[in-house]
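In this text the structure is predicted, and so the values were computed from the model without any measurement. Along the sequence shown, residues are numbered consecutively beginning with 1.
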Amino acid sequence: MEELAISEYFTDRKKSGLRFAWSKYVECNKAIKLGKSLVENGKWAEDLPRFNENLIIEVFIGKSAWHANYTKNFSAVQTKYPDMVDWLESETSTKEEDVKVWGVYKKDYVFSDLKELVNNGGKLKVKKKKKKHSSSEDEGTGKGKQPQRRSLLWSLLCLMSAVLPVSATLPLYMKLLVFAIFLPLAAAVPQTQAFPDIPFKVFSAFVENTFSSEVSLATVLLVLFSMTENTELLNLHARQQIPEFDGENRTLATGWIRAFSRAIMHKMKHDVQALFLEREFPPTRYHQVTKLSTKLDAFAKLLNLTPYDDENNFKTKLLPVSYDAIQAVQTLCPDSMFCMNAQCDPRALLQATKTTDIPLVTLIKDNTVYQDVPVLTGKCNTCDTTYHADHERFKDGHGLWNKCYLNSARYLKVGQLTWVDRKFSHTVLSGMYDFHASAAAYTQFWNDSTSVNSSDFQITRRQIWQTFIQESVRMVASTRKTNLELRENLNINEVTKEAYSILGNTGILEDAKDHACSQCSQPYKANADSIVNTNIAHADPNAMDVDYAPVKMVVLDGIVMGPVHCAYEKCTADLKNARGGAFCNEHEILFGNNCRVGTCQNTKVDGTQACRQHQSQWRKYKLEHSRSSMAGVRRMLQRPTENLPWQPNVPRPARPHDNDDEEDETPRTHYFGPSRFYCVETICAPCGVVIAWTKFDKSESPTKILNFLGSVYPTADSRPNYICIDKACKVLRTSIANKSWDTWQKTSRFIVDSYHYINHRTTDYLCRKWCNPAPLNGSAPNLVKVAKDKNGKLYLQRAFNTQACEQLNAWLGGFESILKRMTSGNFDWFLHAMLVYHTQQVIRKQEQKKKPVQIQEIGNEEEDEEEENGVVRHWDDDN
């Protein structure tokens with residue numbers, strides 16, 4: 001102070017008043033100017049801290065108040081309003097002089113008045129006083145809002161008195177509606193506040209004078225957004241700084257802001273020094289937290305993130321900060337930088353869409369809805385290939401335009417004017433998988449979620465289904481290490497058909513066929529393990545050592561469900577009309593307008609599917625297949641095979657589940673409705689990995705099972721050692737009868753799963769001898785192994801999980817209500833995509849189990865889980 005000749009009078013922070021603040025502003029600028037002069041001339045004392053403007057400012061007043069009030073307002077007054085400068089430099093003034101300078105007379109003028117004067121061009125606005133009502137008026141002279149309430153009640157009564165005579169004859173619900181119309185409506189309270197809007201010059205000056213000169217942009221933004229994200233903490237901090245009651249003390253660095261400082265320092269780890277000026281980095285952790293707390297307090301006040309004004313008067317509680325003002329502009333562009341056509345050079349891509357033709361769409365990104373996002377298209381002028389954000393359009397060898405679905409796309413088009421990011425599309429796929437959700441259910445869930453309530457945008461069921469198809473196509477294609485290429489301009493149903501024909505591989509998951517883990521393959525054993533006197537009897541030690549391949553097993557089973565197909569005998573083609581049709585395109589033409597009963601050749605009556613002679617059968621069919629109704633309820637939840645008393649009792653012929661002679665099946669009497677595939681047959685490994693699937697029509701016969709196995713395992717090298725089927729003995733008999741056993745017996749053996757084996761007849765020698773899932777006589781040593789229980793006692797257990805397919809079908813059954821309403825093409829693709837995704841999930845969980853985990857003591861299961869790993873972490877002590 002002596003070096004810069006600063007008077008102690010101006011450093012007194014208890015004094016107030018606009019004139020005193022002006023004098024302090026003038027003296028501070030003089031001191032800063034003198035200090036700079038001393039530094040330039042090399043006369044700055046060495047025993048003093050390095051010169052810094054903030055060093056001088058803090059002698060007079062806090063930095064936040066200086067930047068927010070002093071420099072912002074007084075600098076404008078100096079340059080634009082000389083009359084105000086004269087007024088500020090005078091000791092007193094008359095009422096007339098105040099009105100002349102300010103435009104309005106007030107007993108005391110504060111910084112908010114000066115700010116309003118500067119913003120209004122040099123004068124304060126004259127505020128009109130509200131007219132006071134006399135006690136004789138209807139509103140009365142009560143306190144608070146009583147006059148308004150009485151006026152509102154009086155108006156309501158007057159309106160109702162005028163309406164009631166007219167509404168006397170109205171129904172009750174109409175009277176309630178009329179009454180509701182006149183009820184007063186409350187205005188919605190804003191839930192957020194605007195992002196801090198301060199001049200960048202002020203922000204930049206604060207950063208330069210507060211943080212290190214080497215501070216990075218990332219660090220500054222980290223601190224800024226940490227402030228705007230924690231308005232609740234700033235409310236608590238500010239309240240503790242302003243004591244209002246006895247026992248409350250004014251605290252600069254409150255416990256709230258100190259905890260906030262620790263959180264930021266913990267986030268930055270080893271880069272904490274960037275938050276401090278050179279040579280001011282405190283040596284101890286405690287003082288580092290204290291110093292940073294004062295910086296954050298000043299930063300909050302600079303950003304106006306405080307519920308109090310400059311004079312410590314409460315303004316309003318801070319609300320969560322809205323980021324609408326700084327929301328980034330989004331564009332949808334091709335991911336490729338240059339032309340990727342192998343027949344073309346890697347030329348730069350030109351923006352091919354005319355400015356007036358650029359579509360503005362809705363984008364869902366990170367669960368946020370962005371409106372008016374431009375979609376830009378790139379084009380190579382040499383090969384005419386066009387590049388989009390989610391696909392490429394190119395000509396094939398025949399000159400036809402094709403579309404390549406890019407696995408690397410960041411965004412997907414799911415509607416005419418709707419795009420989503422891959423996070424959203426993966427969430428749709430995962431949600432439908434985990435919760436057995438239909439597209440309609442997921443649509444309702446997303447539209448009802450609280451995260452999008454603030455937006456008027458509502459996604460549709462078709463867009464969710466499109467999202468599922470677009471994401472699943474890329475998911476399956478990535479497992480095949482290729483990008484799907486289809487003809488251009490296919491509708492969504494054609495896309496699913498073509499995608500399955502190209503990527504479906506007739507239901508065989510090639511990657512899963514080579515899968516091997518400890519659950520689905522076991523080391524080969526020539527002799528069976530046994531437990532004799534608690535010792536394991538091992539094989540002959542003198543036997544020759546031979547390397548054998550691991551023993552593998554697959555499990556096969558079916559679940560009764562499937563899509564509809566053409567009703568004509570032995571035709572499984574897709575329906576021409578999936579809504580109400582019964583034939584494929586070929587048989588629709590063949591039958592034409594003929595009656596659909598048996599071989600009747602009469603012409604059907606308009607609006608029906610039968611001739612006059614068979615109208616009774618048609619009416620019976622319509623009654624049996626119409627939606628059941630009771631008390632106006634058209635749809636209800638029920639078990640698939642449940643038939644309630646009020647529903648029509650429709651006799652249905654028993655399905656020939658194991659019938660191998662389909663010629664004996666009772667022929668259809670009519671073709672009013674389509675036929676339906678009988679079941680879905682799956683092959684999976686004992687660990688749950690799905691290897692293949694297919695659809696069986698009419699029955700799950702042993703012949704179909706053998707044909708299915710033959711298509712999945714065409715060579716001897718690819719066949720498993722054991723094939724587990726619930727009716728393995730029937731399959732074995734059929735294979736012996738049709739001579740296919742001559743091929744299978746060289747590599748494989750059919751066994752019954754453990755659940756169904758107990759129901760097979762004990763007198764069935766073939767089943768007991770060759771299909772036992774766990775023989776204890778040593779005939780199948782690789783099906784039984786020795787294990788230890790928790791007490792260390794040895795026991796025999798099955799080497800493989802023979803219930804894998806039953807477990808898979810239990811999960812798959814959750815999709816039955818969705819799948820049974822799908823067309824055949826959608827059914828095939830949906831089921832295939834779900835099984836591929838399921839296999840990925842099973843393998844991922846197996847990989848997670850291989851990672852080492854920390855073994856922890858098991859506590860009370862009713863206790864809340866505080867952390868993921870059961871370990872609560874804390875900050876280090878400040879000391």
N/O donor-acceptor pair under 3.5 Å between [X] side chain and [Y] backbone:
X: N407; Y: T482; value: yes
X: T747; Y: R719; value: no
X: S478; Y: K481; value: no
X: H398; Y: L400; value: no
X: S824; Y: D574; value: no
X: Q522; Y: S518; value: yes
X: E498; Y: V495; value: no
X: R749; Y: I723; value: no
X: Y500; Y: G507; value: yes
X: R461; Y: T443; value: no

I need the minimum non-hydrogen distance between [X] and [Y], along with the two atoms involved.
X: C729; Y: V752; answer: N-CG2, 4.3 Å
X: K695; Y: P563; answer: CD-CD, 3.7 Å
X: L835; Y: L509; answer: O-CD2, 4.1 Å
X: H614; Y: A610; answer: O-CB, 3.5 Å
X: V605; Y: C611; answer: CG2-C, 3.9 Å
X: K413; Y: Q466; answer: O-CG, 4.1 Å

Gap between atom [atom2] of [Y] and atom [atom1] of [X] - 0.5 Å precision:
X: S425; Y: I364; atom1: OG; atom2: CD1; answer: 10.5 Å
X: L503; Y: M475; atom1: CG; atom2: CE; answer: 10.5 Å
X: Q615; Y: K604; atom1: CD; atom2: NZ; answer: 11.5 Å
X: T802; Y: Q807; atom1: OG1; atom2: CD; answer: 9.0 Å
X: C771; Y: L732; atom1: SG; atom2: CG; answer: 5.0 Å
X: I459; Y: Y442; atom1: CD1; atom2: OH; answer: 8.5 Å

Check against side-chain contact (heavy atoms from CB on, under 4.5 Å), E471 and V428: CA-CA 9 Å; E471 177 64 24; V428 170; over 6 Å; no
Student check: side-chain heavy atoms of [X] and [Y] closer than 4.5 Å:
X: T418; Y: T460; result: no
X: R844; Y: Q841; result: yes
X: I683; Y: V555; result: no
X: T694; Y: K704; result: no
X: W829; Y: I469; result: yes
X: T823; Y: V564; result: no
X: W693; Y: E681; result: no
X: I691; Y: I508; result: no

Before you tell me yes or no, could you show the steps for M561 and R676 under side-chain contact (heavy atoms from CB on, under 4.5 Å), namely the whole-Å CA-CA distance, both residues' side-chain angles and the distance that decides it to 0.1 Å? CA-CA 8 Å; M561 68 176 181; R676 187 178 290 275; over 6 Å; no
Under 6.0 Å between ring centres: does that hold for [X] and [Y]?
X: F591; Y: F583; value: yes
X: F815; Y: H436; value: yes
X: F830; Y: F468; value: yes
X: Y433; Y: Y837; value: yes
X: W811; Y: H838; value: yes
X: F750; Y: W770; value: no

Can you confirm if the NZ or CZ of R487 lies within 45° of the ring axis of W401 and under 6.0 Å from the centre of its six-membered ring? no
For H587, ring-ring contact (aromatic ring centres under 6.0 Å, His included) partners two or more places apart: Y568
Evaluate salt bridge (charged side-chain N to carboxylate O under 4.0 Å, His left out) for E392 paired with K403, printing each intermediate quantity in order. CA-CA 6 Å; E392 295 175 5; K403 181 178 180 180; over 6 Å; no
Given the rule in the side chain to side chain donor-acceptor pair (under 3.5 Å) test, do N505 and E510 qualify, once you have shown the distances and angles that lead to the verdict? CA-CA 8 Å; N505 195 25; E510 288 293 345; 3.0 Å; yes
Between Y722 and F800, what is the ring plane arrangement, given parallel below 30°, perpendicular above 60°, and tilted in between? tilted
Looking at K698, R668, H565, which one forms a side-chain hydrogen bond (donor to acceptor under 3.5 Å, both in side chains) with S675?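 Between S675 and the candidates, side-chain hydrogen bond (donor to acceptor under 3.5 Å, both in side chains) is satisfied uniquely by R668.
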For the residue pair [Y] / [X], report whether a side-chain donor-acceptor contact shorter than 3.5 Å exists.
X: N826; Y: T496; value: yes
X: T715; Y: D717; value: no
X: D390; Y: Q470; value: no

If you draw a 6.0 Å radius around CD in E586, do more than 12 non-hydrogen atoms from other residues or ligands fall strictly inside? no
With a cut-off of 6.0 Å (strictly less than), are more than 12 heavy atoms of other residues, nucleotides or ligands near CH2 of W741?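 Enclosed.
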List the steps, then state whether side-chain contact (heavy atoms from CB on, under 4.5 Å) holds for F696 with F708. CA-CA 10 Å; F696 285 167; F708 179 38; 4.1 Å; yes
Test side-chain contact (heavy atoms from CB on, under 4.5 Å) on V689 and I843 and set out the steps. CA-CA 7 Å; V689 168; I843 295 175; 3.9 Å; yes
